[in-house]
Amino acid sequence: MTVHNADIAALFYRMAELLEIEGANPFRVRAYRRAAATMEDLAKPAIDLLAMGADLADLPAIGDDLAGKIREICDTGRLKALDEVEARTPSALAALAAVPGLGPKRIRMLHERLGVSSIQDLARAASEGRVRGLPRFGPALEARLLKALRKSAAPEERRFSISTAEDFAGPLKWYVEGIPGVGDVVVAGSFRRRKETVGDLDILAISAQGQATTDRFVEYEGVAQVLAKGPTRATVILKDGLQIDLRVVPEESYGAALIYLTGSKSHNIALRRLAQEKGLKISEYGVFRGDRRIAGRTEAEVYTAIGLPWTPPELRENRGEIDAGFAGRLPRLVALSDIRGDLHVHTRDSDGRSMLDEMVEAARLRGYDYVAVSDHSRHTTVAHGLDASRLSAQIDQIDRLNATRPGIRVLKSCEVDILPDGRLDLADAVLSRLDFVIGAIHSNFGLSMEAQTDRLLRAMDNSCFHILAHPTGRLIGERPGYAVDLPKVMAGARARGCFLEINGHPSRLDLDDVHSRAARDMGLKLAIGSDAHSSAGLAAMRHGVDQARRGWLERGDVLNARSWPDLKTLLAR
Ligand code: DGT
Ligand code: CA
Ligand code: CA
């Protein structure tokens, strides 16, 4: 575990904030703030100083007590004293600190004078005009608070799936590219990092004429509301509720601005810390030594200036990419062009909308070497699942197709239901005729974690089983996954020669990025499937690949980045 000085500072600031809300001794509050500042200014990581045997009590504003706390944080990543304060501060009160304009002193005043201990209390008091009369408040602040509260009370932060965001991003990008004087345009933010959902779109445009650009930007036909417009930036809300932030920068800051706007925030903060350690300053305008700009035009230039290789946006989550970059060990991420085939598609034989030969032809047109037909089994009756005789007939049909159609190999598969007791929905006799079997849960989501985990492991005990589809069963924005001990399932899969899937359907993306990373770290290979239910659905492969990239997967970690002969060898149990 690496604990950064900024992490220690953050814990101390939080401590000061909560103590202040509590009305603790001001000297104690100030001591934590000064200690936090010391940590921020420290040139070397405290964790390294400790390892070298340095006495941190020698540092400014750090006494024996705080030195001990720093050691505790470096050892455990936590601060017990803070946990205790957190536990006794009403969480609603602590949450008030997130309202712009409210610091601990004001929160305490609101609490003591007006009995405010939640956001709702505050909204009521402010709308009744009771806040303005407090010392250090006033009508202007009251109005600002109300505005901030209205914003935060707006529908529970709405997020858009990456594929919905793509639908908006494409035309919007063309529009901005068409504005006179505009050069490159990039949709940055979480969209560029390929997060599974985005809160808003952040567009970066190069132009020497900022004002003219934002003027034209807000005239975009989809705009419902203009929240802000200035010479370098504008914010609008589209009719469908999606917010768009536009930043306009001159060419010489492009790389720096792109890094800033791509984020993530925690990646940016880590970069800034790194620059500071080198005596540099990094901002959205460039990298500076003193007043001199030493980099900024391209992303690569900026990364190089602070000693890092250019880092793929999907990795910029401060999940180890900085250390890996330093060590020259960034993964060579799998790319869509590495994918040789699709391992999960449906046809009209179950709940797909395209005929089997249409699916095969669409896969061939995508340049695949193979495509696996994996219709549902009978247990999933709503999907018109196949029983043994219908599956047999499909197998025969695919054999005939393979004999006549050159250009792509059609693999015989089936998405077989895993029954509540872990048995598979179809008999081994028919399953063993398939090239491989995908197992999935479509019922009994409510089992205990232990039972669900056992169910999956028992299914994988069957030597007909190969790939576990959408392993958590979640539907993004609709339902969480079932309770399951994924690390245990992953280890169990590896031990049995089975694999897990990254389902590329934009409402599934299951495994997600974090679980995919965990699989990779334990040496478990993954299959990426589109779960297409029509020929157009094959395009979802790219969403699966995006999440694989966010999970640090390389070509070798992905089953269907292999040729069929190689894949066949891997699938042999
Ligand atoms: P989202 O929109 O919630 O899906 O996530 P992002 O990552 O697109 O975040 P957003 O739209 O709030 O901001 C876009 C980028 O701007 C973000 O990825 C990094 C940068 N950024 C925003 N706030 C800060 C900040 O306080 N500090 C730094 N260093 N960068 C920030
Ligand atoms: Ca964003
Ligand atoms: Ca934004």
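Whatever order the structure lists them in is the order used to number ligands and atoms, beginning at 1.
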Test of proximity, [X] against ligand 1: N or O pairs below 3.5 Å:
X    : value
R193 : yes
G199 : yes
R159 : yes
D245 : no

message: Checking contacts here: is it the side chain or the backbone of D200 that comes within 4.0 Å of ligand 1, counting heavy atoms only? Could be both or neither.
response: both

task: Report the part of Y260 (side chain from C-beta onward, or backbone N, CA, C, O) that has a heavy atom under 4.0 Å from ligand 1; answer both or neither where that applies.
output: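 Both of them.
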
message: Restricting to salt bridge (charged side-chain N to carboxylate O under 4.0 Å, His left out), what partner residues turn up for D513, sequence neighbours left out?
response: R319, R550

- request: Could I get the full list of salt bridge (charged side-chain N to carboxylate O under 4.0 Å, His left out) partners for K105, not counting sequence neighbours?
  value: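 Salt bridge (charged side-chain N to carboxylate O under 4.0 Å, His left out) list for K105, sorted by chain: E20.
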
field: The one among A188, A165, S190 that brings a heavy atom closest to atom 6 (P) of ligand 1
entry: S190

Is there side-chain contact between [X] and [Y], with heavy atoms separated by less than 4.5 Å?
X    : Y    : answer
M541 : L336 : yes
S127 : L146 : yes
K69  : L82  : no
L280 : I306 : yes

- prompt: Among the heavy atoms of K195, does any lie under 4.0 Å from an atom of ligand 1?
  reply: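 False for this residue.
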
task: Decide whether the shortest distance between a heavy atom of H267 and an atom of ligand 1 is less than 4.0 Å.
output: no

Do [X] and [Y] have side-chain atoms, one donor and one acceptor, less than 3.5 Å apart?
X    : Y    : value
D7   : H4   : no
E40  : Y13  : yes
R316 : S264 : no
H267 : E317 : no
H470 : E501 : no
D531 : N503 : yes

Atom indices of ligand 1, in the order listed, that fall short of 4.0 Å to a heavy atom of [X]:
X    : answer
V198 : 4 (O)
N268 : 19 (C), 20 (C), 29 (N), 30 (N)
G189 : 8 (O)
T262 : 18 (O)
S264 : 18 (O)
G263 : 17 (C), 18 (O), 19 (C)
D202 : 8 (O), 11 (O), 14 (C)

- prompt: By residue and atom, what protein N/O/S atoms are less than 3.0 Å from the Ca ion (ligand 2)?
  reply: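 Less than 3.0 Å away from the Ca ion (ligand 2) sit D200 O, D200 OD1, D202 OD2.
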
field: Of all pairs that satisfy side-chain hydrogen bond (donor to acceptor under 3.5 Å, both in side chains), the ones with a partner from residues 163-172, not counting sequence neighbours
entry: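 As it turns out, the side-chain hydrogen bond (donor to acceptor under 3.5 Å, both in side chains) pairs with a partner in residues 163-172, which skip direct neighbours, are S161-S163, S161-T164, E166-R194, E166-R542.
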
field: D240 vs F168, side-chain contact (heavy atoms from CB on, under 4.5 Å): CA-CA, chis, key distance, verdict
entry: CA-CA 10 Å; D240 308 78; F168 289 105; 3.4 Å; yes

